[in-house]
2 protein chains.
Amino acid sequence: MSRDDAVLKALVDFVAHESLAPGDRLPTERILSERLKVSRTTVREALTRWEGLGLVERRQGSGTYLKAAVSRDMLHLPLTLASGNDFRSLMHTLEIRRGLEAEAAALCAKRAGPSELAFIREKLEAMEESFHRRDGMSSEEDWDFHQAIYQASGNPLFAQIIAAMHEMFHRFWEHPLGVHDFGHASFPYHRTIYERVAAHDAEGARAEALKLIATVEADLKRGAANLNLPGLT
Amino acid sequence: MSRDDAVLKALVDFVAHESLAPGDRLPTERILSERLKVSRTTVREALTRWEGLGLVERRQGSGTYLKAAVSRDMLHLPLTLASGNDFRSLMHTLEIRRGLEAEAAALCAKRAGPSELAFIREKLEAMEESFHRRDGMSSEEDWDFHQAIYQASGNPLFAQIIAAMHEMFHRFWEHPLGVHDFGHASFPYHRTIYERVAAHDAEGARAEALKLIATVEADLKRGAANLNLPGLT
DNA sequence: ATTGGAACAATGGTCAGACCAATTAGATCG
DNA sequence: CGATCTAATTGGTCTGACCATTGTTCCAAT
């Protein structure tokens, strides 16, 4: 077994022994290197692997933070998709998102307890407040709302997959295709999704989520048509 | 942009410029560090990322070899989930599959042309024939049918994501949880999905796909209850 | 007492150079 | 010609230093 694989195994044991949870900060690289009897270089190589797998986040000047639960038997699925930044690829990712968003909303309606509902409602109201104040969608508050849904779905895979796709969307989400009022049409569906979730109406929540993505899709198509974007079919 | 992100970008350009194909050997770390004007440490950190993503393979004493095609716009989906051995993880993957399966079926109904429909029908009949001959689901023909659906969805991401997940819990799909007639209940829905797709009824196809996954989920729960599997809630 | 900013310490990021371990290619010898 | 030893190559690890960013502390001005 190579050295830094051993380090990763030791790190798993360490996290288990100290019962570290997502969000916790792990020891500094220097301390780890001393405690595991390897050089800091090797520790860094191992942490780089974990960072690539999304298990850990490093912040210069601050520390290294656990992003997800780790256990000894984990399966890593590095999925890399060749996907351009043209309109067609963007639409493909949106279709994936539609499938996941609908399912996440349905599961959320089934499983969300009072505390999860309160959290979602909080994010919803923050988004609505921001919308009325600035007369437009805030991509950040919008993202927070959806993340709350994914979290309450009880299935961590949703958040993981969508987070990875969101990164791709990110550059477009800021000023997508130059359309200023992008996402305007999707606004009301956030509340309807919440209402269906709060009523524990799984199929209703699924339907509202589908409507929301449909408005985004329409906006995207409109923007692409205006700009003659490459890949437009 | 952090330094080794820049290195990764430069590496992509280098691979493109030299038109390197999978299997080819990249320059040594020392040469790369010199050519990219960064330290070998930084080059190694970048290559470690690529290795984690399965894009590259390093062999000590030999060199670093390209394992997959790389392009500037790639979407990396680092999925890590607890070993598929427990019931909860298996259910999580099934929930993801439900979202994707439903969406793929709907898109397929919208877009499948005559040739795609004929291909799906071929797979369906092969599956049905195998079912009646051996009086049981054949995981291979079943998989072929679903893959045909994903292909006809017109979105390559579906096939890629699901294929990766399928590989992950392949062993369970063969004789999941020891249930012998696993998947028996899902059999009739393959034909109903096909019928809805052939009728270009997107929402109907989505509904049938949801029903199919529901039967699989029920089978899974039944098997787990019988075996007192860990992770059963 | 509060606030603002300046100095400082801690932490991840990068660097240079050396040596180790595995592999490969070439030279050598039977 | 073939097997074997040797040396060069290459990725893996180590050390120690310095840089860039962040968080904290503490003091001065208000």
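Throughout, a chain's letter reflects where its sequence line sits, starting with A, and its residues are numbered from 1.
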Given atom [atom1] of [X] and atom [atom2] of [N], what is their separation to the nearest angstrom?
X	N	atom1	atom2	value
A/Glu29	C/dT14	CD	P	11 Å
A/Ile31	C/dT11	CD1	P	6 Å
B/Leu36	C/dT14	CG	P	13 Å
B/Leu8	C/dT14	CG	C1'	15 Å
A/Leu47	D/dT13	CG	P	14 Å
B/Tyr65	D/dT9	OH	C1'	11 Å
B/Glu51	D/dG11	CD	C1'	10 Å
A/Glu57	D/dT22	CD	P	12 Å

Considering only NZ, NE, NH1 and NH2 on the basic side and carboxylate oxygens on the acidic side, decide whether [X] and [Y] come within less than 4.0 Å.
X	Y	answer
B/Lys67	B/Glu51	no
A/Arg98	A/Glu101	no
B/Lys221	B/Glu217	yes

- Where do B/Leu100 and B/Phe158 come nearest, in terms of heavy atoms and distance?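 The answer is O-CE2, 3.5 Å.
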- Derivation of the salt bridge (charged side-chain N to carboxylate O under 4.0 Å, His left out) call for A/Glu125 and A/Arg121: CA-CA 6 Å; A/Glu125 284 166 353; A/Arg121 182 189 192 96; 3.0 Å; yes
- Item | side chain to side chain contact (heavy atoms under 4.5 Å, CB included) between B/Leu66 and B/Val56, worked out | CA-CA 5 Å; B/Leu66 212 55; B/Val56 110; 4.1 Å; yes
[N] phosphate, OP1 or OP2: any side-chain N/O from [X] under 4.0 angstrom?
X	N	result
A/Arg44	C/dG13	yes
A/Ser62	C/dT11	no
A/Arg59	D/dG23	no

- Query: Just checking, is any N or O donor in the side chain of B/Thr48 or B/Arg58 under 3.5 Å from an acceptor N or O on the other one?
  - Reply: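 A pair is found: one side chain offers a donor N or O, the other an acceptor, under 3.5 Å apart.
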- Message: Checking A/Ala105 now: which residues fulfil side chain to side chain contact (heavy atoms under 4.5 Å, CB included) with it, not counting sequence neighbours?
- Response: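 Once residues adjacent in sequence are excluded, the partners of A/Ala105 under the side chain to side chain contact (heavy atoms under 4.5 Å, CB included) criterion are A/Ala205, A/Ala209.
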- Query: Which nucleotide sits closest to the side chain of A/Thr28: C/dG12, C/dT24, D/dT10?
  - Reply: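 Of C/dG12, C/dT24, D/dT10, C/dG12 is nearest to the side chain of A/Thr28.
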Scan nucleotides 5-8 of chain C against the protein and return all N/O pairs shorter than 3.5 Å with their distances rounded to 0.1 Å.
none

- Task: Answer yes or no: is there a side-chain heavy-atom contact under 4.5 Å between B/Trp50 and B/Val70?
- Result: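 The answer is yes, as the side chains (C-beta and beyond) meet within the 4.5 Å cut-off.
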Measure all distances between protein nitrogen or oxygen atoms and nitrogen or oxygen atoms of nucleotides 16-21 of chain C, and list the pairs falling under 3.5 Å.
from	atom 1	to	atom 2	distance (Å)
C/dA21	N3	B/Gln60	OE1	2.9

